[in-house]
Amino acid sequence: MPTPTDPPPPRLPASLEENRIASLPPRAYYIADFITEEEEQAILRKVETAPKARWRQLTHRRLQTWPSDLVKNALIDSQPLPDWLQQPVVSRLLSMPASAEEPNIFASSPHGRPNHCLVNEYPPSSGIMPHKDGNAYFPVVCTVSLGSSLCLNLYKSKDDGALDPEPMWRILQEPRSLLITAGDLYTDYLHGIDAISQDVNLSELTVANWNLLRSPSQFQGGENKRGTRISLTYRDVLKVSKLGSKLGPLFKWP
Ligand SMILES: O=C(O)CCC(=O)C(=O)O
């Protein structure tokens, strides 16, 4: 709950169209100040204090899955997302019109809102291989970045299925920002994060969302030395199985 001493919430665009990344295929949006520093710190504390069993250690990064892992591409209808992942992020997402026809970016998704969130932790020099998110989800991903900046790379696979090693575009994600990718960009392109300690050669010519950054001057030297970044990726899982509610109290995450 906000208290009278909390700083005001960020000013959000009247429509996502104001924050469209114009040089990318439809559709991508970037909002630099989506949450406040206080909100960022509060979410980071929740991530850090989550039960140890919530973390899955991968080779170079750690992952939390909320409310639970998918089983055969379906979400087990056990619990909703916890409140700290809903407020302020989900309510703010749903408050922003996507276009004149769409009251928000999840308006035509099966559940009308995200029901799943991955929390990824990337220490410097870690990343994620280029991949597509697949067909378990409605084709909208909303990513909130916390703690540090890094570049997300976008790739197009060639006609023979091989991946061009050079990304077609880079999106620089600052702490407290929101990136939304949807539509063709979700279905036809791969995304990944280079496992490097520093992003280099950053400029208005090489970063697709340069004009939407909070502080482009911070990267004027063309470099971003990475710290530990946490990302929250929100999606709507298409299939929700009722199995969880039948299993009742036996089916519980920590
Ligand atoms: O952490 C990110 O920004 C990207 C995560 C990602 O690629 C995914 O969840 O599929």
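When a ligand or atom number is given, it counts from 1 through the structure's own listing order.
Residue contact check: Ile128 has heavy atoms under 4.0 Å from atoms 6 (C), 7 (O) of ligand 1. Heavy-atom contacts of Thr233 reach the following atoms of ligand 1: 9 (O) (cutoff under 4.0 Å).
Contact check for Asn135 versus Leu238: no side-chain heavy atoms found under the 4.5 Å cut-off.
If you check which protein heavy atom lies closest to atom 4 (C) of ligand 1, you get Tyr122 OH, 3.6 Å. With hydrogens left out, the protein atom closest to atom 3 (O) of ligand 1 is Arg229 NH2, 2.9 Å, a heavy atom. Atom 10 (O) of ligand 1 has its closest protein heavy atom at His131 NE2, 2.8 Å.
Between Tyr137 and His116, the ring planes are tilted. Angles from 30° to 60° get that label.
Under the 4.0 Å criterion applied to side-chain N and carboxylate O atoms, Lys156 and Asp164 are not assigned as salt-bridge partners. A salt bridge between Asp69 and Arg56 is present, with a side-chain N of the basic residue lying under 4.0 Å from a carboxylate O of the acidic one.
At a cut-off of 3.5 Å, with distance as the only test, no side-chain donor of Gln173 or Ser177 sits close to an acceptor on the other residue.
At a heavy-atom cutoff of 4.0 Å, ligand 1 is contacted by the side chain of Asp133 but not by its backbone. Residue contacts with ligand 1, taken as heavy atom pairs separated by less than 4.0 Å, involve Arg235 solely via side-chain atoms from C-beta onward.
Among the atoms of Thr143, none of the N or O lies under 3.5 angstrom from an N or O of ligand 1.
Within the cation-pi definition used here (under 6.0 Å to the ring centroid, within 45° of the axis), Arg170 does not qualify as a partner of Trp210.
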